[in-house]
Amino acid sequence: MRLEGTAICLGEDVDTDLIIAGRYLRTKDRGLWASRAFEDLDPALAKRLKGAIIVAGKNFGCGSSREQAAIALKEAGVVAVIAPSFGRIFFRNAINIGLPLLECECGCTEGAHVRIDLGEGRVSIEGNMYRSRPLSPRMLEILLAGGLVELWRCRR
Amino acid sequence: MSSLSERILAGAEGSYVDREVDRAYVHDGTGVLTLEVWKAMGSPPLRYPERVSIFFDHIAPANNSTTSTLQRELRIFATERGLNFSDVGGGISHQLMAERGVLPGEIVVGADSHTCTLGAFGAFATGMGASDMAAIWAEGATWFRVPETIQIFFEGALSDHAEAKDAALCYLSRLGMDGAIYRALEFRGEAVPDLGMDDRLTICNLAVETGAKAGMFYADGITARYLKERGLEAELQEPEPCRCAGSVDIDLSAISPLVAVPPRVDRVRRVEELQGIPIDQVFVGTCTNGRFSDMERLARGLKGRKVMVRTIVVPASRAVLLASVKAGIVEELLRAGCTIAPPGCGPCLGAHMGVLGEGEVCLSTANRNFTNRMGIGGEVYLASVSTAAASAVKGEIAPPEVLDEA
Ligand code: SF4
C-alpha cells in the first residue's frame, strides 16, 4: 500500500485527551470528532488535517482507550501517522479502524511531501529515506481490508 | 524461566498469540461505540455472553439527555441479553471487577485503559478499544503480542505518611510516560507481602501511565485470602527469575509523599517542594484511590476539622459507600464540609460533578493530569489521599504531616 501526504509535525507524548477531548465523546457524530481533533493543542489544526501525514514525537496517542481519537483523525482525512512509538491501545485502535501507522524515527519539516510504502516499511520525506518497523502480517491484513469491521465482513 | 505474561498468554515474549478472553467489559463511555461497531459487524451472536459485563460509571447518572439517550440503548442491550450489568450508582468498572474477584492467571480485557488495575490479582489485564472489544464479544478471543517485562522491585516498608499511591508515583517518575511502552510491569520484591489488595490495585492502576500494557503482582497468600472472602479459590503463582527488559529498585522506606505536576504524570515532585500552591478544589476518588481504605484514611485526616476548599469525595462503588456509611465515615466527611457524589468516575474525566473552570487548580487522587482533563483551563495535581486531606484542610497544597498538628 502506497500513500502520500503533507507533513504536519507534532511533539512528544500527544495524549488521546489532546487528540479528542473527553467533552466531545458523548455522541456518535464522527464529523464532530473530526472537526474538534486537536482542539486543545491547536484549534486551527483540524482544518489542515485533510490529506495530511502526521509526523509526531514518541508515545503518540498515550492515555485513554477512546477509539474516537483514531476515528477523529481518519474522519478528518489524515492519511497516516508516523512516530517513533505509540500508545499501545491507540496503535491497535488505529489499525482496527483502518488508519495506517508507522513506527519510525524520522525528521519532520512542516508542509513537506511525505511518501510511504506500508508493505515495505519505507518513509520518504523530501528525498530523505527512513525505514519503519514492519507491521505484523495480522495488522497489515486488517489495514488492507480497511479495518477490522471490513475484514470481519469479507471473512463471513 | 518465564515472565508472568509469558505464562498466562502461553507464548514467548515478542510473539503473537490468539487467546480466548476470560472476562470482557465496557463502560458507558466506550460501550456505546462498541455497540455501534458490533452492529456494523452485523450483530453477530455473542460467543460467551456470561463473560461480558457492562458498567455505567463514566457519566452516571447522565448529565444531559444526549448522554441519557446513548446510555438507554446500551442499557437495553445489556438487559435484553442478560449480560452482567451495573447501572448508575453501582460504581467504577475496575472496582466492581475487583470486588467480584478476578482469578490469577485469567486474561481480562476491558474497553478502558485502566483495566491494568486488575493485574493486582495475578491476571493479565489490559485495555483495548471499541473495535477490539466488539470482535471479542463476537469471537470470545483476540490476538496479543506477548510483552517484554520490566520488573519493579519494592524493598523496605512505607513510612507513616507515604502510601501505595506515592510508591506508584515513584515508579512512574522513574520510568517516565513512555518508559514501558508495549511492555508489562511485574511488581516484585521483599515488600510485596506488606502490600494489601487495595495497595496493589492502586499500584497496578498507574501502570498504563508508563505506556505499559499490563502491571502485575504474583498471586500470593494475600490474593488468596481476598478471593476466599468472596468464595473463590486462587492458585498461587511463584515468581521465577526471568529475562527482563529492565528493572527498577525502589526502597519504599525512602519515599516521601509525592505529587505529579500538570500536565504530565511523570513530572513528580516531593509535596514539600509544592507546599503553599493555592488550590480551588480537592477531589478524592477514582479507580486509583476511591476504595474503602482511602475513605478511612481521608476521614482520619479530616476528623474534627473543616475543609478550606470545595472537597468532592466519590466512593468507587456502592459497597465502598455503604461500608463508609456503616463506619460513620460519611458523617465525618459531611461534618468536615465535604461533598459526597454518587459512586462512579465523578469529575475525573471532566464531564460532570466537579468540572474545573478556567484558571482553577485541583488536587486529585486520580491518575491523569493531562491538559484540560478536568475542565478547560483547569490544572490538576495528582497525589495520595493523605496529601489530599492535608491540602483540603489548608486550602493549599500541603504535606500529610500538617495533620499531625493538633
Ligand atoms: S475513575 Fe477516571 S481513570 Fe478511572 S475509569 Fe473512571 S474516568 Fe477512567
Side-chain angles (χ1 to χ4, degrees), chain A residues 12-19 21-30 33 39-41 57-71 83-98 103 133 136-139 141-142 147-153 155-156, chain B residues 16 18 28-30 32-34 36-38 40-42 44 58-59 62-64 66-67 70 110-115 126-135 138-139 143 145 147 176-178 181-183 208-209 211-213 263-264 266 349-351 355 368 370-376:
Chain A
E12 297 179 349
D13 300 311
V14 173
D15 60 72
T16 48
D17 277 72
L18 284 178
I19 301 174
R23 58 186 177 278
Y24 297 123
L25 297 182
R26 253 32 73 172
T27 175
K28 295 183 194 170
D29 181 354
R30 291 166 182 249
W33 299 330
E39 187 174 87
D40 291 353
L41 188 66
K58 67 182 170 65
N59 205 19
F60 184 85
C62 59
S64 100
S65 68
R66 60 186 70 159
E67 197 158 298
Q68 290 92 337
I71 297 174
S85 60
F86 291 89
R88 55 156 289 281
I89 307 181
F90 177 83
F91 193 90
R92 280 184 81 123
N93 288 347
I95 303 286
N96 283 341
I97 61 136
E103 286 180 282
R133 237 211 267 183
S136 75
R138 175 81 60 101
M139 291 182 188
E141 186 191 12
I142 298 172
L148 195 59
V149 170
E150 287 70 15
L151 183 65
W152 172 275
R153 282 219 200 98
R155 273 220 214 115
R156 298 286 126 171
Chain B
Y16 289 84
D18 287 291
D28 53 308
T30 50
V32 171
L33 193 54
T34 304
E36 281 296 292
V37 178
W38 175 78
M41 289 166 74
H58 268 52
I59 310 189
N63 58 338
N64 59 30
T66 312
T67 306
L70 292 171
D112 187 276
S113 57
H114 292 103
T115 304
T126 193
M128 288 187 191
S131 292
D132 275 321
M133 186 52 77
E139 296 183 311
W143 62 270
R145 180 184 170 280
M177 272 171 72
D178 67 338
I181 231 173
Y182 308 133
R183 303 203 164 134
V208 69
E209 308 309 331
K213 184 169 186 165
R264 292 183 64 97
D266 60 357
L349 69 159
V355 179
R368 278 194 187 133
F370 299 157
T371 303
N372 296 350
R373 167 95 179 166
M374 284 184 70
I376 302 173

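By convention in this document, chain letters (A, B, ...) are assigned in the order of the sequence lines, proteins followed by strands, and residues within each chain are numbered from 1.
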Atom CG in N93(A), atom CG in L33(B): separation rounded to 0.5 Å?
9.0 Å

Side chains of D17(A) and T371(B) in contact at under 4.5 Å (non-hydrogen atoms):
no

Examine whether an atom of T126(B) lies under 4.5 Å from a heavy atom of chain A, and if so say whether it belongs to the side chain, the backbone or both; otherwise answer neither.
side chain

What part of T27(A) is in contact with chain B, defined as an atom under 4.5 angstrom from a non-hydrogen atom: side chain, backbone, both or neither?
backbone

Go through the atoms of L41(A) and report whether side chain, backbone, both or neither lie under 4.5 Å from a heavy atom of chain B.
neither

Measuring only between side-chain heavy atoms, which start at C-beta, is R368(B) closer than 4.5 Å to D15(A)?
no

A side-chain contact here means heavy atoms from C-beta on lying under 4.5 Å apart; do E12(A) and D178(B) qualify?
no

Flag the one option from E209(B), M41(B), E36(B), R264(B) with the top tally of heavy-atom pairs under 4.5 Å to chain A.
M41(B)

Most heavy-atom pairs under 4.5 Å with chain B, out of G147(A), G63(A), A69(A), belong to G63(A)

Considering non-hydrogen atoms only, spot the tightest contact between T30(B) and S65(A) and give its length.
CG2-OG, 3.7 Å

Report yes if the side chains of W143(B) and R138(A) come closer than 4.5 Å at any heavy-atom pair, otherwise no.
yes

Interchain contact, P44(B) with chain A, by part (heavy-atom threshold 4.5 Å):
side chain

Tightest non-hydrogen contact, residues F86(A) and I181(B), listed as O-CD1, 3.2 Å

Should S136(A) and R145(B) count as side-chain neighbours, where that means a heavy-atom distance under 4.5 Å?
no

So, the part of D266(B) with a heavy atom under 4.5 Å from chain A: the answer is neither

Looking only at heavy atoms, which two atoms of N96(A) and S131(B) are closest? And how far apart?
CB-CB, 3.7 Å

List the atom of R26(A), the atom of L70(B), and the distance in Å for their closest heavy-atom pair.
C-CD1, 3.5 Å

What part of T67(B) gets closer than 4.5 Å to chain A, counting heavy atoms only: side chain, backbone, both or neither?
both

Between CG on residue D132(B) and CD1 on residue I95(A), distance to nearest 0.5 Å
10.5 Å

Verify, without hydrogens or angle tests, whether R153(A) (side chain) and G42(B) (backbone) share a donor-acceptor contact under 3.5 angstrom.
no

Calculate, to the nearest 0.5 Å, the distance between atoms CE and CZ belonging to M128(B) and R88(A) respectively.
6.0 Å

One option among E150(A), E67(A), R92(A) has the most heavy-atom pairs under 4.5 Å with chain B, and it is R92(A)

Counting heavy-atom pairs under 4.5 Å with chain A, which one of H58(B), R373(B), H114(B) comes out on top?
R373(B)

What distance do N59(A) atom CG and M177(B) atom CE have between them, rounded to the nearest 0.5 Å?
6.0 Å

List the atom of S64(A), the atom of S113(B), and the distance in Å for their closest heavy-atom pair.
CA-OG, 3.6 Å

Chain A: which of V37(B), V32(B), I59(B) shares the most heavy-atom pairs with it under 4.5 Å?
I59(B)

Quick check for you: to the nearest 0.5 Å, what is the distance between R23(A) atom CZ and N63(B) atom CG?
14.0 Å

Residue Q68(A) versus chain B: region with a heavy atom under 4.5 Å:
both

Which pair of heavy atoms, one from A138(B) and one from W152(A), lies closest together, and at what distance?
CB-CH2, 3.5 Å

